[in-house]
Structure formats: structure tokens, C-alpha cells
Amino acid sequence: MARGRLRIYLGAAPGVGKTYAMLQEGRRLRSLGAEVVIGLVEPHGRRPTAALADGLETVDRRTLVHRGVPLTEMDLDAVLARRPQVALVDELAHTNVPGSRHTKRWQDVEELLAAGIDVVTTLNVQHLESLNDVVRQITGVTQRETLPDEVARRADQIELVDLLPETLRRRLVHGDIYPADRVEAALTHYFRLGNLTALRELALLWLADRVEEGLQRYRAEHGITAPWETRERIMVGLTGGPEGETLIRRAARITARTPGSELLALHVVPGDGLTHGDPTALSAQRGLVESLGGSYHQTTGEDIPQALLRFAEAENVTQIVLGASRRGRLSLLLRAGVGQRTIRDSGPIDVHIVTHEAAAGTFASRPPRPAARGAGPARSWSAFAAAALLLPALTLVLTAARGSLGLPGALVLYMLVVVLTALVGGRGPALLTAVAASLLADYYFTLPLHSIDVARTVDIVVLIVFLAAAWLVGTAAGAAARHTRQAVRATSEARALSRMAVAMMRGQDLPALLEQVRENFSLASVSLLERAPEPGPEPRWYVVASTGDRPPERPWDADVEAPVDDRLTLAARGRGLSGDDLRLLTACAAQLGIAHAHGRLTRHVAETDTLAAAERTRAALLLAAGHDLRAPLGAAEAALGRLSDLVRAGGPGGQGGPGGGPDGEAAHLLSSASASVRRAGALVTDLDDLSRLHAGALDLYLRPVDLDEALTAALDDLGPGGHGIVLRLPPQLPDVIADAALLTRVLTTLAADALRHSPPDAPPTLTAETQPDRLTVRIADGAIGAPANGGAVTDRPGDSLPLRLSRDLIEAMGGALDTTTTAGHVFAVTLTLPTSAGRPAPAPDHQGRGI
């Protein structure tokens with residue numbers, strides 16, 4: 001059986017229109033003749049979405065009971081039995097109710113696809129597993145429902161449903177996403193402009209990566225090896241010299257002329273650990289790069305051109321901008337410059353060599369030479385100094401014993417000096433020492449003496465063998481020394497990182513950890529900086545924690561910087577660090593970033609636990625109060641009913657009161673008491689339902705509902721008192737999108753309150769008016785100018801629990817309820833409900849129809 005095809009509508013945040021787009025695609029496919037069913041759609045009370053689902057075949061949901069609460073999920077077996085061509089399944093990352101066949105909804109979708117059913121679904125970018133921690137850093141909210149990226153990558157089609165952050169916030173303000181009581185909190189937290197912008201960028205970048213994967217797969221399948229420059233990325237190489245600003249501006253102009261291109265700046269720290277450039281100039285150049293919309297990077301490498309090209313290949317750079325060499329002509333003849341070597345090995349990457357004022361500068365403006373591989377300049381000079389002292393001294397000693405040692409003995413002792421030089425300075429100084437030693441041996445120990453001529457062939461062979469052996473021994477000794485130094489360095493780094501990890505495990509705070517870093521590297525001050533997520537002309541940085549004297553407040557104020565991620569960086573003031581020290585500092589910065597994220601997560605968890613505990617306590621108290629009140633209220637109602645029967649029968653003895661009839665005053669009091677007890681029981685039920693609604697455990701089944709039928713059911717529920725309500729309805733009412741049972745309950749509650757606030761001779765009124773895409777129902781008491789029954793108003797409509805529940809139920813169904821009273825009325829409420837799509841709204845008719 002052919003596997004079904006999966007189509008995903010991807011969004012950056014709730015409310016961008018993913019479900020709406022999915023339903024539109026379902027209607028389009030149905031118009032083309034495909035069998036389309038709704039496996040599960042979550043309109044979340046959004047009227048246009050619910051209206052769009054009307055008319056599509058829907059598979060009834062399956063009800064599961066979890067912890068005594070009935071919950072609904074997609075009926076997977078029913079969809080498989082129906083075997084449509086296309087199934088619409090909302091919220092791919094959703095976690096199913098315990099007791100379902102699969103834990104996650106995407107596993108249900110996998111079974112549908114395996115059965116040959118095409119699936120159209122929706123997904124938010126924050127639910128992708130690989131972006132979960134990034135979304136948490138941006139929004140401060142941990143997403144509990146995640147989806148493995150591989151599931152989304154296997155989709156046959158992924159379409160981005162995009163919306164500008166400003167437009168999304170306007171939709172939120174207009175109530176198109178969340179109810180009115182959640183709008184303010186959403187605007188100031190999750191739906192902040194910076195959050196939405198960052199989430200949108202995440203979605204675009206993730207989808208762009210999927211497009212890039214598809215492109216690479218296409219190139220591999222068709223055997224295409226030539227580079228395709230689908231996007232320009234311009235990199236400028238910085239040395240910290242005076243030409244840096246010229247190069248940055250030149251690269252920025254190239255970037256500006258190429259729409260969609262990126263600007264990157266790279267500074268290579270040589271492997272010997274010496275800083276090639278002025279740290280202050282590098283900081284200023286970094287600020288310039290970021291102000292022009294680019295990104296600054298730093299890497300370590302022994303060979304500058306190779307480090308540039310490795311970074312360029314890793315970042316898919318298409319053009320490199322370098323400055324003309326500041327070295328003299330003689331130096332360039334001896335060794336090619338960085339630009340020439342970069343051009344030689346760049347391959348398909350374009351290299352621009354830009355002239356600048358410092359290109360023909362003086363010797364003082366030239367950058368230092370890169371260090372030789374294997375040892376730093378300090379060690380090399382030490383080795384040369386040692387050879388310069390040891391060789392003459394050893395030669396004086398050997399010439400005194402020339403007759404007893406001979407050439408072989410002298411070469412053995414000279415070999416000792418070569419080995420010592422290799423241990424200190426590496427292979428280069430050892431080779432030069434070997435050449436000098438062979439010349440000394442030739443001059444003082446071969447015939448003719450005091451001449452570089454060699455008379456005997458055997459002496460020539462001995463000297464050649466000595467040179468070869470010295471080169472091999474020097475190479476091996478130098479490598480061993482280098483490896484020893486690296487091992488010692490690695491041990492030192494491991495100890496430093498271990499101390500940092502132990503301090504983190506012991507719960508030390510960030511200032512204490514920063515103080516440890518400052519002491520380890522002998523720095524003057526250290527700061528952990530965080531960049532504000534809001535975009536601006538200049539990045540804004542905040543100090544998360546700091547230690548030392550005058551800690552830097554911005555990255556470009558520091559002498560040394562170790563980025564943690566896109567938002568966090570470790571900045572320090574003090575001495576310049578070697579390449580190895582900088583690498584270790586970067587590792588420490590990563591650990592500090594983990595500590596910062598862990599601390600923020602811990603605080604968030606603590607706040608969440610506190611709120612959850614308070615919510616659980618409140619819910620438990622409400623449930624306990626409701627449970628405890630039901631029994632005495634039921635007993636009181638039963639007792640009052642029995643007492644009322646006895647009063648009507650004429651008293652406990654079965655004899656009537658004076659005149660043979662029931663006591664009229666006692667019967668009235670009993671009737672009032674019974675009504676109050678019933679009302680108290682109804683309030684307990686409303687309180688329980690309100691708690692379930694806020695907990696998300698109250699199911700809503702939204703569908704087109706005939707308002708006439710709902711009103712008829714509500715009047716029947718009111719009993720004989722309902723016949724005292726005046727209805728003013730147009731001749732034809734459109735269907736409203738609502739839950740029929742809950743709408744009937746709301747109308748019954750509001751009508752009962754209107755009757756309670758109306759005098760006996762002035763019945764309440766119910767008026768309905770049709771407007772485009774919605775229906776307005778107004779219920780008002782009959783009191784004109786004075787409270788009902790001539791008494792004072794003791795409760796306002798907006799204060800009662802039934803009205804609060806009615807408002808929440810109407811808002812959950814996508815409508816609105818206004819309790820603002822008008823002049824002359826004590827009780828007046830206005831309901832607004834969405835109407836079913838596709839039906840004309842008739843003109844309102846105010847002719848009354850009374851019952």
C-alpha cells in the first residue's frame with residue numbers, strides 16, 4: 001500500500017492562521033473531488049475558523065476519562081475505518097490523553113500515513129525539539145509538548161503561514177486569538193514584539209534550512225557538483241590594524257548592493273596565542289560591524305589563510321574582503337602574503353584585495369610575523385641562545401681533548417646539544433644547531449684542520465650521517481616536548497573546567513563563578529553580558545553578573561571576549577590571552593551560559609510551582625466546598641419539601657388550620673426557603689462548572705445552532721414563569737456558532753435573572769438583531785426607573801456568579817457578553833454570537849412577538 005503524503009502548515013506563534021489555512025486546503029481538495037474528513041480541529045473559540053469547518057465531514061471524537069474528567073481525542077480507529085483520501089488533523093505536537101493508543105498525536109498521524117491516508121496538519125515552531133531551548137530563552141516559557149525534528153523533516157510539503165508581528169498583536173487586541181481577560185497578559189509576556197520577531201525569524205530560518213536540504217538532495221540526486229550561489233555571504237578579514245574600518249565599510253557596500261546577503265567579520269588569533277592587533281581597535285571595529293547589521297566572529301589558527309578559508313567554507317561564504325599587505329617587497333619575495341595565499345587556495349570563493357592608506361606604511365605599522373609551528377618565539381630565542389652558549393663552550397673543551405676523542409666522539413657530544421635545543425625550541429632551532437655543530441666539527445676535527453674542506457671521504461659520510469641523525473633526533477625530541485607541553489596544558493585546562501563544574505554543582509552563584517574565572521586568568525574584571533532581544537539601531541547589552549574593578553558593560557569595552565551564544569557573551573578587562581587561554585576561556589563561558597540558563601529555569605520552575613500550588617489549593621478548596629455543601633443543601637431541600645407537604649395537609653396531625661385551609665404565610669415562607677436552597681445548589685453547580693471551564697476540562701461542541709430552538713428550550717426550562725417574557729425577534733434568524741446545550745443554559749440563566757429583577761406587571765424583554773457575521777441578543781428587565789419590587793438594588797448583574805459563568809461560556813464559544821446596564825434598567829445584558837458562514841443576514845425586524 002502506498003504511504004500517504006504529509007503536508008504541514010508551520011507557524012511562528014498561535015493565531016497566525018495555521019488551522020484556517022488547513023481548513024481552506026481541505027475545502028479546496030474537496031472541490032477537486034477528494035474525500036476529505038476532519039479527524040480533529042481545534043478552533044479555540046475563533047469564529048472564522050469554526051465557520052470554515054462547517055460543511056466538512058467530521059469524524060466524531062472519542063471520549064476518555066482521565067482522573068474523573070471526561071476528555072475528547074481524535075478517534076483514530078474511526079478515521080481508519082472511514083478511510084478517506086485526506087484527513088485534517090490539527091496540532092501535530094499535541095500530547096494525547098492517557099489511555100490513548102499512542103502518547104503523541106504525531107504517532108496517530110504516522111499510522112494514518114502508513115494506511116495510505118494523506119494528512120494535512122499544523123505545527124508551531126516552538127514545538128520543534130531542536131528549538132525548544134532557544135524558544136525558552138526568548139519567551140521564558142518551557143514548551144512541554146515537543147515534536148522530533150525528524151518527523152517534520154519527513155513531511156512531503158511544509159508551508160509557512162506568516163504574519164507580521166504587528167498584525168498578530170492587532171489580532172490579539174481585537175480578541176481574534178484569546179479571550180479579553182487574557183489579552184493584556186499575552187501582550188506583555190509571550191506576544192511581545194521582540195518575542196514574535198525572534199520566533200518569526202526562527203521559523204523562517206528553520207524552513208530555509210529545510211529548503212537548503214532539499215536543494216542539496218536534488219544536487220546529489222542529479223550529480224551536480226558545481227557550487228550554486230543561492231545566497232551571497234560576504235566576509236571581511238580583520239587584523240586589528242588601522243585598515244579595518246576601510247575594509248568593513250567596503251564589505252558593507254558590497255553587501256548593500258546584493259539584496260538578501262549577509263555581512264560577517266572574522267579575526268584570526270594565531271595559534272601561538274599572541275594577539276596580532278590592537279584590542280581597542282578590534283573592539284571599535286566590532287562595534288562598527290554590528291552597527292552595519294553584520295556579525296563579528298573570532299577563531300584561532302596557526303595558518304591565517306587556512307583559518308580564513310576553513311571558516312568561509314563552514315559558513316558558506318561566497319566572497320572574502322582582505323586588505324592589501326602592509327609587508328615590504330623583500331618580505332613578500334621571501335614569503336607570499338595572506339592575500340596571495342588566500343587567493344591561491346580559495347577555489348570558487350571570490351577574494352577582493354582592497355587597497356588602503358596603511359598598505360605602504362612604515363616598518364612600525366607592519367604586523368608581527370606569524371609564529372613558527374610547534375613553538376612560540378620566546379622558546380625559539382631561548383633555544384638559539386642556549387645553542388650560542390653551549391656550542392662554543394663545548395668546542396673549547398673538545399679541542400683540548402682532540403687527540404683522544406676524534407670526530408665520532410665530538411659528534412656524539414654535539415648531538416647532546418642538538419637534543420637539548422630541540423627540547424627547548426623544537427625542530428627549527430635543532431636543525432640550525434645541527435648545521436652549526438657539523439660546521440664546527442668540520443673546522444676543528446677533520447683534516448685539513450681549520451678549514452671547511454674535508455679530505456677524507458669517510459669524514460664526509462660521518463658528517464652527513466650526523467646531520468641526518470641530528471635532524472631526526474631533533475624532530476622527535478621537539479615533537480615529544482611539544483606533546484608534553486600540550487598534555488600539561490590539557491591537564492591544566494581539565495582541572496580548571498573541573499573546578500568550574502564542581503562549583504556549579506555546589507550551587508555557587510554567577511558572581512562567585514565569574515570571580516573564579518577572573519582569578520584563573522589573572523584578569524582585572526569579568527562580566528557576563530546579555531543582549532536585549534528588541535531590535536534597535538545599536539545593540540543594547542545588560543550586565544547579568546560581574547566581578548572585579550570597572551567590569552565592562554558592553555562587548556566592545558572589553559579587552560577579551562568569549563561569546564556564549566547569540567545573546568550571551570563573556571567580556572573581560574586585563575591582559576591579552578594566548579590562543580590556548582582564549583580557547584579555555586570560551587569553554588568556561590559555555591559553562592557560565594549553562595549556569596545562567598539553569599538559574600533562570602530554576603527560578604521559573606519555582607514561580608510555576610508556586611502558582612500551580614496556589615491553583616491546586618484553590619481548586620481543592622472549591623471542590624471540597626462544593627462537595628460538602630451538596631449534602632446539606634440536598635437534605636434541606638428534602639426537609640423543606642416534606643414540611644411544605646405537611647403544611648398543605650393542615651399541619652403535623654393532618655388537620656387544616658383555621659378555616660380548613662393551609663396556613664398561607666407558612667406556605668409562602670416555605671416556598672421562599674425552598675427557592676433559596678435550590679438557588680444555592682445551582683450556585684454550587686455553577687462554581688464547579690466555572691472551575692472546570694478555567695481548567696480546560698469543560699468540553700465545547702461548536703456547531704450551527706438554531707436560536708429559535710435554543711430559546712424554546714430555555715423557556716421550557718424556566719417553567720411557567722418563562723411565559724412572562726416578551727420576545728422581539730426578526731422573522732428569520734441565522735444560525736449561530738455555539739454549543740447548543742451551553743447556549744440554552746446561558747439563555748435560561750439570563751432570563752431567570754431578568755424575571756427576578758422585574759416587577760410582576762412589567763415582564764422582561766428579549767430582543768434579537770442580526771448584523772453582518774454576528775447576532776446580538778439583548779435581555780433586559782421590565783423595571784423602568786426603580787428597582788424591582790420597590791426595593792433597593794442589592795446586587796448588580798456583573799457581580800453574580802451565574803453571570804460570570806455565562807460570560808465565560810459565551811467567550812469560550814467565540815462570542816461576547818456585556819453586562820453594562822442602561823438608564824431605567826437594573827438588569828440588562830447583551831450577547832454577541834458569531835453566525836454561520838454562507839447564510840445571508842436578513843434586515844432586523846423590531847416587530848414584537850410576545851409569549
Side-chain angles (χ1 to χ4, degrees), residues 197-198 200-202 204-205 208-209 211-212 227-269 277-301 304-305 307-324 338-339 342-343 346-356 358 529 531-541 554-556 558 561-569:
T197 302
R200 186 184 184 215
E201 183 177 5
L202 276 180
L204 291 169
L205 291 176
D209 290 340
V211 174
E212 181 68 19
W228 286 4
E229 298 180 1
T230 54
R231 184 170 66 172
E232 293 287 346
R233 306 192 81 185
I234 294 91
M235 183 185 79
V236 54
L238 300 178
T239 64
E243 77 282 358
E245 293 187 2
T246 301
L247 301 182
I248 292 170
R249 291 190 172 91
R250 176 62 173 169
R253 288 195 296 272
I254 297 174
T255 305
R257 289 196 294 266
T258 311
S261 60
E262 292 184 50
L263 173 64
L264 302 89
L266 177 67
H267 172 64
V268 179
V269 178
D278 183 6
T280 304
L282 283 173
S283 298
Q285 290 166 14
R286 172 180 185 149
L288 178 60
V289 170
E290 293 183 345
S291 68
L292 294 173
S295 58
Y296 178 87
H297 305 270
Q298 189 167 293
T299 186
T300 303
I304 305 296
L308 287 170
L309 292 174
R310 279 198 303 270
F311 181 86
E313 291 172 358
E315 298 295 329
N316 195 24
V317 169
T318 57
Q319 301 181 52
I320 299 177
V321 177
L322 299 175
V338 171
T342 303
I343 293 172
S346 63
I349 302 176
D350 297 335
V351 180
H352 303 268
I353 303 298
V354 179
T355 59
H356 50 87
L529 306 177
R531 184 169 57 185
E534 293 81 9
E538 183 178 353
R540 291 191 301 165
W541 292 86
R554 296 177 300 178
W556 46 86
E561 181 192 0
V564 179
D565 53 29
D566 292 340
R567 293 182 57 187
L568 280 177
T569 189

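In this chain, numbering begins with 1 at the start of the sequence shown.
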Considering non-hydrogen atoms only, spot the tightest contact between A281 and G240 and give its length. CB-O, 3.5 Å
Does V236 reach the side chain of L238, with side-chain heavy atoms less than 4.5 Å apart? yes
d(L308 CG, R310 CZ) to nearest 0.5 Å is 9.5 Å
Taken in chain and number order and not counting sequence neighbours, the residues that satisfy side chain to side chain contact (heavy atoms under 4.5 Å, CB included) with I343 are V351, I353
Can you see which heavy atom on Y296 is nearest to which on V289, and at what distance? N-CG1, 4.4 Å
State, to 0.1 Å, how close A307 and L266 come at their nearest heavy-atom pair, and which atoms those are. O-CD2, 4.4 Å
M235 side, atom CE; L309 side, atom CG - distance, nearest 0.5 Å: 7.0 Å
CD/Q319 to CG/L263 distance, rounded to the nearest 0.5 angstrom? 11.5 Å
Looking at every heavy atom in both I234 and A251, which two are closest together, and how far apart are they? CG2-CB, 4.0 Å
Hey, could you give me the OG1/CD1 distance between T342 and I304, rounded to the nearest 0.5 Å? 9.5 Å
Counterpart residues, side chain to side chain contact (heavy atoms under 4.5 Å, CB included), relative to T569 (two or more places apart): L529, W541, P555, E561, P563
Before you tell me yes or no, could you show the steps for L282 and H267 under side-chain contact (heavy atoms from CB on, under 4.5 Å), namely the whole-Å CA-CA distance, both residues' side-chain angles and the distance that decides it to 0.1 Å? CA-CA 8 Å; L282 283 173; H267 172 64; 3.5 Å; yes
Report the residues that fulfil side chain to side chain donor-acceptor pair (under 3.5 Å) with R253, sequence neighbours left out, ordered by chain and then residue number. none
Which residues pass the ring-ring contact (aromatic ring centres under 6.0 Å, His included) test with H297, not counting sequence neighbours? F311
Check side chain to side chain contact (heavy atoms under 4.5 Å, CB included) between L204 and all other residues, then give those that pass, not counting sequence neighbours. L160, R200
Distance col, row Q285:CD vs L247:CG, nearest 0.5 angstrom, shows 8.0 Å
Rounded to the nearest 0.5 angstrom, the CZ-OG1 distance for R250 and T255 is 11.0 Å
Please list, chain by chain and in numerical order, all residues satisfying side chain to side chain donor-acceptor pair (under 3.5 Å) with E245, sequence neighbours excluded. R249
Evaluate the criterion side-chain contact (heavy atoms from CB on, under 4.5 Å) for residue pair V321 and V354; output intermediate values, then yes/no. CA-CA 7 Å; V321 177; V354 179; 3.7 Å; yes
